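The block underneath contains the structure these notes are about, expressed in structure tokens.
Sequence lines set the chain letters: A, B, ... in the order given, protein chains first and strands last, and positions in each chain run from 1. Because the structure is a prediction, the values reported are computed rather than measured.
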Amino acid sequence: MTIQRPRGTRDFLPMDSFRRGAVKKGMVELLERWGYQEISTPTFEHLELFTIKSGPSITEEIYAFQDKGGRDLALRPELTAPVMRMYVNELQKAPKPLRLHYFGNCFRYERPQRGRFREFWQLGAELIGSDRPDAEAEVISLAHDLITGAGVNGDLHIGYLGLIRSMMKMIPAAERAEVMRLIDKKEKGLLAEKLQEMEMDDLGLIELLQIEGKTALDRAEELAEELARMGEDLPDEDSCVASSEVSPTSAAGDRAARSDRAAPSDLDLPHFREVVELLSIYGVEATVDFQIVRGLDYYTGTVFEIYATGLGAQNQICGGGTYQLAGLLGGQETNSTGFGIGFDRIMEIVTVDETPAAAVAVVFVPQVRGEAVKVAKILRHRLSAPVVVDVMGRGLGPQLKQASSIGAGYAVIVGPKEVEAGKFTLREMGTGSQEALSIDEIAEKLAG
RNA sequence: GCCGGGGUAGGGUAGUUGGCCAUCCUUUGGGACUGUGGAUCCCAUGACCCGGGUUCGAAUCCCGGCUCCGGCCCCA
């Protein structure tokens, strides 16, 4: 039995790698054109970075381990936390805003499925330092452009967490986790029952989740006003933000505190309206959808997701929003908006038209091998196409056969006659036509 | 963690009422063909996912595991 690759990992053969490289290149070019600069962070980090962001239960779902020095480490399960860690460590004093993009492998210990692997790649961007609608609209438009630029038909949904956050404050703390779960699962029937049970069915929560389309924002604003009136007699400002793992850890406490700090802007729907209006100026079509909650833990307002068809159950190809994470990581708090694109899912649905450049084979008669190597060296210097020379000790015929089977566009034939004349035979593999040319002429002809 | 369907050379496959050296195609290496490729022919390399069990005998039947695919749970 040979050694197999670990579960949930993949090998990328030359063709796979070429396709991935081509798509990545297109995306990176676009990011650079928007003024985003590439960064990278380590493949592993201190486990704490991820537990601070997501709670201790995250440990179950990631590759966490101790190194020989007894340090608790983890293979990164996502890239937002590492990027913000980098920001807090070394970029806090950089001029704002910061526009950053990244591409890297991430790891999660989960059951592999279609579009879900234990090692997967995320491409993303973060815009750090602005809390204005302008920043949010830019980032959402950028995500949208990246997806469509790759040739993928994405369905963009944009939501706003402030309203739901305010409504959750009216719901008894003990019930919030369950209510959030139902919202996330889109279990509207069960949710309605639950709210009725608690006599909270006048909150407008159900309606909020259902409204969409052109008038969605107007109606949401009305709901916000009603909510503001109800909020006058808000009870104690206790306890934490809803979270599936309600735990009395300091991290959860921090999160609660921060979410309360954000409270004054929770009902700032004009802000959200501005984002939507800017998006339409960018020419980006978005569906307003208050069902998007994205965990809620550290996102503060606008959130968005992009879905693609043809991917089965894992159809989300992009997710992001506005968040505050710098404070949690020990820095001075600042607003950021960012997103991550599931690169592997993109690769499952795109078609790549580009093909690798055809090689040029330097084919030689054994007694002039040295000359052939020199010719190859010169051509490698002057051509962008790959240049290959036989290393199998084959004769001229088999070398041409080999050139043909690897799809070479041209063969440069080097034999005693050519060496003597200073002109080599350039053979076009597709047609079989040949001409005698100097090395400069060959380089010139093939370079163009 | 749960449910269902699969695993036969590098790739694609035939073969299960248990029974000859496991079929064919392709790929790869060599040769016919030591200065001109794609064709053809010949030769070679190469597989029953792993471990138990039943049996005179298992690719085939049974059990366990691994793994892939689809779905659930979860999804930072």
Side-chain angles (χ1 to χ4, degrees), chain A residues 1-11 13 15 45 47 49-62 64 74-84 106-118 120 122 124 181 184-185 243-245 251 255 293-299 303 305 311-316 319-321 323 325 328 338-340 342 345 361 363-368 372 390 392-420 424-434:
Chain A
M1 221 26 230
T2 50
I3 296 171
Q4 302 297 305
R5 111 183 76 83
R7 182 167 199 208
T9 63
R10 288 156 298 158
D11 292 317
L13 302 180
M15 241 335 154
E45 295 270 1
L47 173 62
L49 174 61
F50 304 111
T51 55
I52 284 177
K53 180 183 173 223
S54 310
S57 67
I58 189 70
T59 311
E60 300 301 313
E61 295 153 38
I62 66 182
L75 298 182
R76 58 188 179 197
E78 45 106 13
L79 288 167
T80 300
V83 168
M84 290 312 291
C106 300
F107 306 83
R108 296 186 191 180
Y109 194 84
E110 289 186 304
R111 191 178 191 295
Q113 282 177 43
R114 175 164 194 194
R116 173 192 278 183
F117 306 94
R118 289 188 167 181
F120 59 98
Q122 241 180 38
R181 198 184 66 81
D184 200 29
K185 292 291 104 188
S243 158
S244 50
E245 70 274 337
R255 258 181 297 176
V293 292
R294 294 197 61 74
L296 193 59
D297 280 353
Y298 60 94
Y299 284 104
V303 287
E305 297 181 342
L311 269 175
Q314 317 294 329
N315 69 338
Q316 190 189 318
Y323 60 89
L325 209 45
L328 261 189
F339 61 83
R345 294 181 184 177
V363 168
F364 61 92
V365 175
Q367 58 262 42
V368 292
D390 175 63
M392 299 287 279
R394 288 176 171 132
L396 192 66
Q399 283 185 44
L400 279 165
K401 184 175 180 175
Q402 163 71 6
S404 170
S405 66
I406 63 167
Y410 289 89
V412 175
I413 298 171
V414 179
K417 281 185 289 192
E418 282 83 358
V419 171
E420 198 177 330
F424 304 94
T425 305
L426 180 66
R427 179 180 179 87
E428 191 179 341
M429 296 302 286
T431 61
S433 63
Q434 301 188 162

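Taking the P atoms as reference points, B:rG18 lies 11 Å from B:rU60, given to the whole Å. Taking atom P on both B:rA59 and B:rC68, the two are 26 Å apart, rounded to the nearest angstrom. The C1' atoms of B:rU8 and B:rU13 are separated by 9 Å, rounded to the nearest whole Å. Across the P atoms, B:rU17 and B:rG38 are found 45 Å apart, a figure rounded to whole Å. B:rG10 and B:rG5: their P atoms are spaced 28 Å apart (whole Å). Nucleotides B:rA9 and B:rC48 place their C1' atoms 10 Å apart, quoted to the nearest Å. Rounded to a whole angstrom, the distance from the P atom of B:rC73 to that of B:rU55 is 45 Å. Nucleotides B:rU16 and B:rU23 place their P atoms 15 Å apart, quoted to the nearest Å.
Between the A:Gln122 side chain and the A:Gly342 main chain, no donor and acceptor come within less than 3.5 Å of each other.
Of all the heavy atoms in A:Arg345 and A:Gln316, the pair that sits closest is NH1-O, 2.8 Å. Across A:Ile52 and A:Leu328, no two heavy atoms sit closer than the pair CG2-O, 3.7 Å.
Side-chain N/O atoms of A:Gln434 and base N/O atoms of B:rU36 include a donor-acceptor pair closer than 3.5 Å. Side-chain N/O atoms of A:Arg5 and base N/O atoms of B:rC68 include no donor-acceptor pair closer than 3.5 Å. Between the side chain of A:Arg427 and the base of B:rG37, at least one donor-acceptor pair of N or O atoms lies under 3.5 Å. Residue side chain A:Glu110 does not reach the base of B:rG1 through any donor-acceptor N/O pair under 3.5 Å, judged by distance alone.
Distance, A:Glu61 CD to B:rC73 C1': 11 Å, rounded to whole Å. If you take CZ of A:Phe50 and P of B:rC75, they are 18 Å apart, rounded to a whole angstrom. One atom, CZ of A:Arg345, and another, P of B:rC75, lie 14 Å apart when rounded to the nearest Å. Distance CZ (A:Arg108) to C1' (B:rC73): 15 Å, rounded to an integer number of Å. As a whole-Å value, the separation of A:Phe364 CZ from B:rG35 C1' is 13 Å. At whole-Å resolution of the value, CG in A:Asp11 and C1' in B:rG10 are 13 Å apart. Protein atom CG of A:Leu396 is 8 Å distant from nucleotide atom P of B:rG37, rounded to whole Å. For the pair A:Met429 CE and B:rG38 C1', the interatomic distance rounds to 8 Å; values are reported in whole Å.
Considering only side-chain atoms of A:Lys417, the nucleotide from B:rG35, B:rC73, B:rG37 that sits closest is B:rG35. When distances run from any side-chain atom of A:Ile62 to the nucleotides B:rU36, B:rG1, B:rA76, the shortest one goes to B:rA76. Listed nucleotides B:rA76, B:rC68, B:rC74 differ in distance to A:Arg116; the shortest reach to its side chain belongs to B:rC74.
For B:rG70, one of the phosphate oxygens OP1 or OP2 lies less than 4.0 angstrom from a side-chain nitrogen or oxygen of A:Arg114.
Separating the CZ atom in A:Arg118 from the CD atom in A:Glu110 is a distance of 8.5 Å, to the nearest 0.5 Å.
Counting heavy atoms from C-beta outward, A:Ile413 and A:Glu418 have side chains that approach closer than 4.5 Å.
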Protein-nucleic acid N or O pairs under 3.5 Å, nucleotides 27-29 of chain B:
residue : atom : partner  : partner atom : Å
B:rG29  : OP1  : A:Arg394 : NH2          : 3.0

**OP:** Assess whether side-chain contact (heavy atoms from CB on, under 4.5 Å) is satisfied between A:Ile62 and A:Leu47, documenting all intermediate values.
**Re:** CA-CA 9 Å; A:Ile62 66 182; A:Leu47 173 62; 3.6 Å; yes
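Taking the ring axis of A:Phe120 as reference, the NZ or CZ atom of A:Arg108 does not stay both within 45° of it and closer than 6.0 Å to the ring centre. For the pair A:Arg427 and A:Tyr410, the cation does not sit on the ring face, since its NZ or CZ is not both under 6.0 Å from the ring centre and inside 45° of the axis.
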